K.L.:
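Okay, handing you the structure first.
Keep in mind the model is a prediction, meaning the values are calculated, not measured.
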Amino acid sequence: MTHTTHTTRIAVATHRLPRPAGLSRFALVAGPVALIAYGGIRLLSERGTPGIGWTLGHLAMLAGVLLYIPVLGHLHRAVPESRRRAALIPLVAAGAGLAATAVQAAIDLIAGLMSADRPEMVEIFQQVKDVPGVEPVVYGVVPVLFFVGQLALVPFLAAPVRTRLFIGLALLLGTVLMALSLDFLSLGGLCFLIAFAPLLMAGRVTPLPRTN
């Protein structure tokens with residue numbers, strides 16, 4: 001009887017997401033919201049032209065990217081200890097993609113601030129991309145690793161299969177929308193916010209009383 005109860009408790013524990021701490025809880029909401037804001041500002045501003053829209057949009061993008069640092073940390077903490085070593089692989093991949101995206105956002109922001117018009121900004125971008133390795137690392141393959149790594153972390157989460165499917169499908173939909181067109185950035189951010197709902201609600205359900 002005692003052994004059965006102990007086994008049941010272990011099984012329940014491995015399917016229970018941890019409650020996010022203050023910074024993680026804030027980031028799980030603010031990260032996608034910043035992405036939604038960036039997408040909205042981009043749609044309302046003149047495309048590819050330095051100015052207030054470009055600056056505000058890329059500030060929102062950079063803020064959103066930085067807020068994903070605690071998000072990834074929480075996703076890894078939501079993995080049972082027995083799987084955390086294996087989950088380091090997608091975590092590192094997502095972190096590398098996040099770092100490359102942060103550099104990209106910073107370059108875009110600085111280029112916009114330094115330029116008086118579009119041709120000047122294009123020239124700055126070209127000078128940056130002419131540096132060996134910058135194009136593939138900052139603007140090519142590496143940023144994609146963020147989305148791949150984030151999705152790859154989902155199967156490791158300490159959550160029921162249905163919850164993992166919900167999170168994974170919502171993240172996948174958001175990723176596909178943003179890959180199809182940057183005009184769908186806000187929709188993609190909304191999908192990410194919906195995906196994080198189970199993580200935000202974790203720990204709010206009162207556990208069943210213990211039985212000895």
Side-chain angles (χ1 to χ4, degrees), residues 23-24 26-43 45-76 87-153 171 174-186 188-189 191-193 195-196:
L23 179 59
S24 297
F26 173 76
L28 284 165
V29 175
V33 167
L35 185 58
I36 293 169
Y38 170 49
I41 293 169
R42 183 180 177 277
L43 287 175
S45 305
E46 190 174 355
R47 306 289 176 84
T49 303
I52 188 66
W54 179 275
T55 301
L56 290 177
H58 284 83
L59 280 173
M61 177 186 175
L62 184 58
V65 170
L66 295 177
L67 284 164
Y68 263 92
I69 296 172
V71 168
L72 289 179
H74 180 70
L75 287 174
H76 190 248
L88 281 173
I89 297 172
L91 178 68
V92 170
L98 198 64
T101 305
V103 173
Q104 181 184 140
I107 291 172
D108 291 356
L109 179 61
I110 294 169
L113 292 171
M114 292 176 61
S115 305
D117 52 32
R118 179 181 172 85
E120 188 176 354
M121 189 166 69
V122 170
E123 184 179 348
I124 291 173
F125 281 142
Q126 192 57 53
Q127 290 174 357
V128 171
K129 291 181 180 181
D130 284 343
V131 176
V134 168
E135 180 99 40
V137 173
V138 178
Y139 291 95
V141 178
V142 179
V144 178
L145 292 177
F146 163 66
F147 299 99
V148 175
Q150 181 179 232
L151 279 168
L153 274 170
L171 289 176
T175 300
V176 169
L177 284 170
M178 288 185 282
L180 286 174
S181 172
L182 292 179
D183 290 345
F184 298 146
L185 279 170
S186 292
C191 289
F192 282 11
L193 185 60
F196 294 154

K.L.:
If you measure from CG on Leu153 to NE2 on His76, what distance do you get to the nearest 0.5 Å?
P.N.:
7.5 Å
K.L.:
What's the shortest heavy-atom distance between Met178 and Phe192, and which atoms?
P.N.:
CE-CZ, 3.4 Å
K.L.:
Starting at CD1 of Ile69, measure out to OG of Ser24 and round the result to the nearest 0.5 Å.
P.N.:
12.0 Å
K.L.:
Do Val138 and Pro143 come close enough that some side-chain heavy atom pair is under 4.5 Å?
P.N.:
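When only atoms from C-beta onward are counted, Pro143 and Val138 do not touch, as no gap falls below 4.5 Å.
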K.L.:
For Glu46 and Trp54, run side-chain contact (heavy atoms from CB on, under 4.5 Å): C-alpha distance rounded to whole Å, both residues' side-chain angles, the deciding distance at 0.1 Å, then the answer.
P.N.:
CA-CA 8 Å; Glu46 190 174 355; Trp54 179 275; over 6 Å; no
K.L.:
Could you go through Gln126 and Glu123, starting from their C-alpha distance and side-chain angles, then the distance that decides it, and tell me whether this counts as side-chain contact (heavy atoms from CB on, under 4.5 Å)?
P.N.:
CA-CA 5 Å; Gln126 192 57 53; Glu123 184 179 348; 5.7 Å; no
K.L.:
Does atom CG of Leu180 have more than 12 heavy-atom neighbours, drawn from other residues, nucleotides or ligands, at distances under 6.0 Å?
P.N.:
yes
K.L.:
How far apart are the closest heavy atoms of Pro90 and Ala152, and which atoms are they?
P.N.:
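Residues Pro90 and Ala152, closest heavy atoms: CB-CB, 3.6 Å.
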K.L.:
Quick one, Pro32 and Tyr68 - any side-chain contact, counting heavy atoms below 4.5 Å?
P.N.:
yes
K.L.:
Please examine the side chains of Phe26 and Leu67, heavy atoms only from C-beta on, and report whether any two atoms are closer than 4.5 Å.
P.N.:
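Yes; the side chains approach each other to less than 4.5 Å.
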K.L.:
From Leu109 CG over to Met61 CE, what is the distance, rounded to the nearest 0.5 angstrom?
P.N.:
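That separation rounds to 10.5 Å.
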K.L.:
Kindly assign one of parallel, tilted or perpendicular to the pair Tyr139 and Phe125, based on the angle between their ring planes and the thresholds 30° and 60°.
P.N.:
perpendicular
K.L.:
Which heavy atom in Leu62 sits nearest to a heavy atom in Ala102, and how many Å separate them?
P.N.:
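For Leu62 and Ala102, the tightest heavy-atom pair comes out as CD1-O, 3.7 Å.
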K.L.:
Show your reasoning for whether side-chain contact (heavy atoms from CB on, under 4.5 Å) applies to Val65 and Gln104.
P.N.:
CA-CA 10 Å; Val65 170; Gln104 181 184 140; over 6 Å; no
K.L.:
Quick one: does Thr55's side chain have a donor or acceptor within less than 3.5 Å of a partner on Gly53's backbone?
P.N.:
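Answer holds: no.
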K.L.:
How close do Leu28 and Phe196 get, heavy atom to heavy atom, and via which atoms?
P.N.:
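Shortest heavy-atom contact: O-CD1, 3.3 Å.
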K.L.:
Is there side-chain contact between Pro70 and Leu23, with heavy atoms separated by less than 4.5 Å?
P.N.:
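Contact flag for Pro70/Leu23 side chains = yes.
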K.L.:
Has Arg118 got a side-chain atom pairing as donor or acceptor with Pro50's backbone, closer than 3.5 angstrom?
P.N.:
no
K.L.:
If you apply the rule side-chain contact (heavy atoms from CB on, under 4.5 Å), what do you find for Leu72 with Leu75, and how did you get there?
P.N.:
CA-CA 5 Å; Leu72 289 179; Leu75 287 174; 4.2 Å; yes
K.L.:
Taking atom CE of Met121 and atom OG of Ser115, what is their separation to the nearest 0.5 Å?
P.N.:
6.0 Å
K.L.:
Which pair of non-hydrogen atoms, one from Leu177 and one from Gly188, has the smallest distance, and what is that distance?
P.N.:
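Answer, listing the atom of Leu177 first, then Gly188: CD1-N, 4.4 Å.
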K.L.:
Roughly how far, to the nearest 0.5 Å, is OG of Ser45 from CG of Leu56?
P.N.:
7.5 Å
K.L.:
Atom CG in Leu145, atom CG in Leu98: separation rounded to 0.5 Å?
P.N.:
11.0 Å
K.L.:
Testing the basics here: between Gly189 and Ile36, what is the closest heavy-atom pair and its distance to 0.1 Å?
P.N.:
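For Gly189 versus Ile36, the nearest heavy atoms are C-CG1, 3.7 Å.
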